[in-house]
Amino acid sequence: MTNSEIKPTVSVRQLEKYYQVVDKRYHIISGLDFEVLPGEIVSVEGASGVGKSTLLNILGAMDSFDDGEVEVCGVSLKNLNEKQRESFRAEKISFIFQQHLLLPDFTALENVMMPLLIARMNPSLAKSQAIEILKKVGLGERTESFPSQLSGGESARVGVARALVGRRQLILADEPTGNLDRDNSRHLMDLIKELQNEFKFSLILVTHDLELASMAHKRNRIVSGKLSPVSL
Ligand SMILES: Nc1ncnc2c1ncn2[C@@H]1O[C@H](COP(=O)(O)OP(=O)(O)OP(=O)(O)O)[C@@H](O)[C@H]1O
Ligand SMILES: [Mg+2]
């Protein structure tokens, strides 16, 4: 198969996004095109406030858009109702967040099982898959720990395990190392790289961190509402 025959995981054409605050309208994304192929790691860089998280939230059907075409994992996101958005999120994609957003009243194991249970997997199968991925991120001994009992780096790894457990085609990561010190940040990067090499998901990496961005196969930045390649 040549490159032109491979169906992209993400295809965005002429995306437009405005935010309305009181009586003022802000044009955040303007005529943005974006394509991510299966198994690619792609960075989205740019100054604070340029629209990186906005773009990621649109791709994850967490936010709406005003015009253009957005197709993610074979689903057009244009006219989805709330129920269709929910099932898209449950079945097709995963997020890794800067704040990890673990549920405080659930153990590491329960946090990682959650997306599988939401997708209605049998609980004992969900449990064994969650244990397997927690072992891969080096937390096989910490399955019963609660988020408050884990360090920042360990919580980040639980967040990665939770994102990867469903073996989604696309992972959306917003500053995944943003809260970590250099060593933990490098450890997390190596771990994500290793798991991407094994599972071959597509990864969109929103980041300010040039070291993290350097793990991408393709680097982009948002300038004036559009995406342009970063020349190295
Ligand atoms: N819900 C909202 N309502 C109104 N304006 C918003 C909303 N969400 C974001 N914005 C504005 O849209 C712009 C883009 O925000 P976004 O969060 O995408 O930036 P970012 O590139 O991710 O920045 P950072 O690097 O600081 O995370 C900002 O000016 C922000 O204030
Ligand atoms: Mg952001």
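Atoms within a ligand are numbered from 1 in the order they appear, just like the ligands themselves.
With sequence neighbours excluded, the residues that form a salt bridge (charged side-chain N to carboxylate O under 4.0 Å, His left out) with K218 are E40.
Interatomic distance, D67 CG to E69 CD, rounded to the nearest 0.5 Å: 8.0 Å.
Taking a 4.0 Å cut-off on heavy atoms, H208 registers as neighbouring ligand 1. Close to ligand 1: G49, with a non-hydrogen atom less than 4.0 angstrom away.
Taking distance alone, with nitrogen or oxygen atoms compared against 3.5 Å, E175 stays at or beyond that limit from ligand 1. The shortest N or O to N or O distance between Q20 and ligand 1 is not under 3.5 Å. Checked against a 3.5 angstrom limit, the closest N/O atoms of V50 and ligand 1 fall inside it. Considering backbone and side-chain N/O atoms, G51 comes within less than 3.5 Å of an N/O atom of ligand 1.
The environment of K78 atom NZ is dense: over 12 non-hydrogen atoms of other residues, nucleotides or ligands sit within 6.0 angstrom. Within 6.0 Å of the CD atom in E141, the count of heavy atoms belonging to other residues, nucleotides or ligands does not exceed 12.
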(Q) Assess the residue pair R89 and E82 against the criterion (salt bridge (charged side-chain N to carboxylate O under 4.0 Å, His left out)); give the C-alpha distance rounded to whole Å, side-chain angles, the decisive distance to 0.1 Å, and a yes or no. (A) CA-CA 11 Å; R89 289 194 295 261; E82 199 40 50; 3.5 Å; yes
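No donor-acceptor pair closer than 3.5 Å links the side chain of R219 to the backbone N or O of L210.
Judged by a 6.0 Å distance limit and a 45° cone about the ring axis, R168 is not positioned over the six-membered ring of F201.
In summary, the atoms of ligand 1 found under 4.0 Å from a heavy atom of V21, numbered by their order in the structure, are 4 (C).
At the top of the distance list for atom 25 (O) of ligand 1, counting protein heavy atoms only, stands K52 NZ, 2.7 Å. Closest protein heavy atom to atom 17 (O) of ligand 1: S53 CB, 3.8 Å. Ranking the protein heavy atoms by distance from atom 9 (C) of ligand 1 puts Y19 CE1, 3.4 Å first. Shortest contact from atom 15 (O) of ligand 1 to any protein heavy atom: T54 OG1, 3.6 Å. Annotation: atom 26 (O) of ligand 1 to nearest protein heavy atom, S48 OG, 2.6 Å.
Residue side and main chain included, S48 places no N/O/S atom under 2.8 Å of the Mg ion (ligand 2).
By the 4.0 Å N-to-carboxylate-O rule, E110 lies too far from R162 to be salt-bridged with it. Ionic pairing of E211 and R186 is present here: one or more N-O contacts between side-chain nitrogen and carboxylate oxygen are shorter than 4.0 angstrom.
Counting heavy atoms closer than 4.0 Å to ligand 1, residue I28 contributes side-chain atoms (C-beta onward) but none from N, CA, C or O. Using a 4.0 Å cut-off between heavy atoms, N57 makes no contact with ligand 1 at all.
Looking only at side-chain heavy atoms (C-beta outward), D174 and F95 stay at 4.5 Å or farther from each other.
Closer than 4.0 Å to atom 30 (C) of ligand 1 lies none of the heavy atoms of the protein.
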